[in-house]
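For reference, the structure is listed below as structure tokens.
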Amino acid sequence: MIRVQYFARYREALGLDGEQLSDTQALATLDDLRQHLLARGGVWQVLAEQNLMCARNQELCSLAEPLEEGDEVAFFPTVTGG
Amino acid sequence: MSIRVQIEPFDPGVEVNALHAANVGVGAVVSFVGYVRDFNAGREVGGMFLEHFPGMTEKSLAKIALEAEQRWPLLNLQVIHRIGRLEPGEPIVFVGTTSAHREAAFEACAFVMDYLKTRAPFWKKEDTAEGACWVEGRQSDQNAAERWHKP
């Protein structure tokens with residue numbers, strides 16, 4: 001089981017702020033998870049953006065980050081605080 | 001170190017004075033205050049909404065502040081960042097650093113802002129005449145953060 005959250009413009013484009021995914025054993029990295037979501041087509045293409053940012057267990061990371069059972073993952077556009 | 005993520009407005013003058021009042025060993029206080037402008041990217045802005053990632057926001061700010069404390073001899077460091085609805089002219093963010101001498105406070109304050117802008121999970125959505133519009137990240141902010149990267 002992996003928990004995935006979406007923020008800001010991605011949350012609006014997907015009409016979803018998060019979801020639980022089961023059967024995720026085949027997904028070794030965050031990029032595998034992203035490809036899995038992109039395969040849904042349509043609005044999910046927003047996750048193909050080059051400046052996409054991601055976090056694993058609330059720490060910024062790269063898409064090469066390994067994914068483990070029970071992880072909390074987040075995908076979001078470039079941050080714009082401050 | 002103090003990190004506050006809050007809906008409520010704050011008074012930057014009060015925060016600056018409190019940083020000095022807390023310790024008479026402080027020789028330098030440097031502060032940065034970011035405000036909501038009424039104009040951005042060629043459009044009038046009637047206000048904004050600041051979304052964030054509860055939990056990760058506080059952790060990421062604490063991590064940035066800790067790195068600043070490790071890199072410069074600071075006496076104190078305070079970060080305040082607002083969330084939710086903000087009107088033009090209101091303060092968004094406050095970074096205050098204190099040290100015995102000015103150089104550490106100046107550099108640490110700039111470092112915290114540059115890292116906050118590129119690493120803390122906040123997103124601005126501005127109200128414009130064409131409707132609400134997400135602010136996009138700027139390359140100049142990425143460049144500003146990169147100057148602090150260690151070789």
Side-chain angles (χ1 to χ4, degrees), chain A residues 1-21 24 29-31 33-34 37-38 42-82, chain B residues 5 32-37 40-41 48-64 79-84 86 91-95 109-126 131-142 144-145:
Chain A
M1 180 88 82
I2 302 284
R3 183 173 174 226
V4 194
Q5 289 178 276
Y6 312 104
F7 288 94
R9 186 163 48 76
Y10 294 176
R11 175 178 49 74
E12 286 187 351
L14 300 172
L16 190 67
D17 59 8
E19 60 185 310
Q20 306 264 9
L21 296 178
T24 51
T29 66
L30 262 67
D31 198 43
L33 170 60
R34 184 176 70 126
L37 296 169
L38 282 171
V43 292
W44 293 89
Q45 296 313 303
V46 75
L47 299 182
E49 284 186 359
Q50 190 143 31
N51 58 1
L52 167 138
M53 293 179 75
C54 52
R56 174 178 171 233
N57 300 326
Q58 304 194 348
E59 291 263 358
L60 280 186
C61 64
S62 75
L63 285 165
E65 181 80 3
L67 188 63
E68 286 178 28
E69 186 65 13
D71 277 351
E72 178 192 312
V73 173
F75 291 112
F76 43 85
T78 308
V79 298
T80 55
Chain B
V5 178
F32 173 85
V33 186
Y35 294 92
V36 182
R37 297 191 300 163
N40 187 29
M48 68 167 65
F49 187 87
L50 250 157
E51 178 171 333
H52 77 127
F53 182 169
M56 181 176 166
T57 307
E58 294 80 358
K59 277 185 201 171
S60 64
L61 293 175
K63 188 177 174 187
I64 294 165
V79 181
I80 305 171
H81 204 297
R82 293 182 61 203
I83 51 172
L86 282 87
I92 305 172
V93 61
F94 175 90
V95 175
C109 187
F111 165 85
V112 170
M113 270 312 301
D114 288 342
Y115 269 33
L116 181 156
K117 288 205 72 106
T118 51
R119 299 180 178 206
F122 294 101
W123 301 273
K124 288 174 182 156
K125 192 177 192 184
E126 293 177 336
C133 194
W134 291 104
V135 173
E136 294 298 326
R138 296 187 306 168
Q139 185 59 43
S140 58
D141 287 331
Q142 300 294 331

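The chains referred to below are lettered A, B, ... by the order of the sequence lines, with proteins before strands, and numbering in each begins at 1.
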Let me know if B/Glu136 has heavy atoms under 4.5 Å from chain A in its side chain, its backbone, both or neither.
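For B/Glu136, backbone and side chain are both near chain A.
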Using non-hydrogen atoms and a 4.5 Å limit, figure out which bit of B/Ser60 sits close to chain A: side chain, backbone, both or neither.
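Neither part.
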Among residues 70-82 of chain A, which residues come closer than 4.5 Å to chain B, judged by heavy atom distances?
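Residues A/Glu72, A/Ala74, A/Phe76, A/Pro77, A/Thr78, A/Val79, A/Thr80, A/Gly81, A/Gly82 are the ones that qualify, each having a heavy atom under 4.5 Å from chain B.
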Min side-chain heavy-atom separation B/Glu51-A/Arg11 under 4.5 Å:
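SC-SC contact between B/Glu51 and A/Arg11 confirmed.
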Of all the residues in residues 52-59 of chain B, which have a heavy atom that comes within less than 4.5 Å of a heavy atom in chain A?
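Listed by number, the contacting residues are B/His52, B/Phe53, B/Pro54, B/Gly55, B/Met56, B/Lys59.
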Atom NZ of B/Lys63: over 12 foreign heavy atoms under 6.0 Å
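No.
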Identify which part of A/Ala8 has an atom lying under 4.5 Å from any heavy atom of chain B, answering side chain, backbone, both or neither.
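Both parts, backbone and side chain.
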Enter the distance from B/Trp123:CH2 to A/Glu12:CD here, rounded to the nearest 0.5 Å.
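Separation between the atoms: 12.0 Å.
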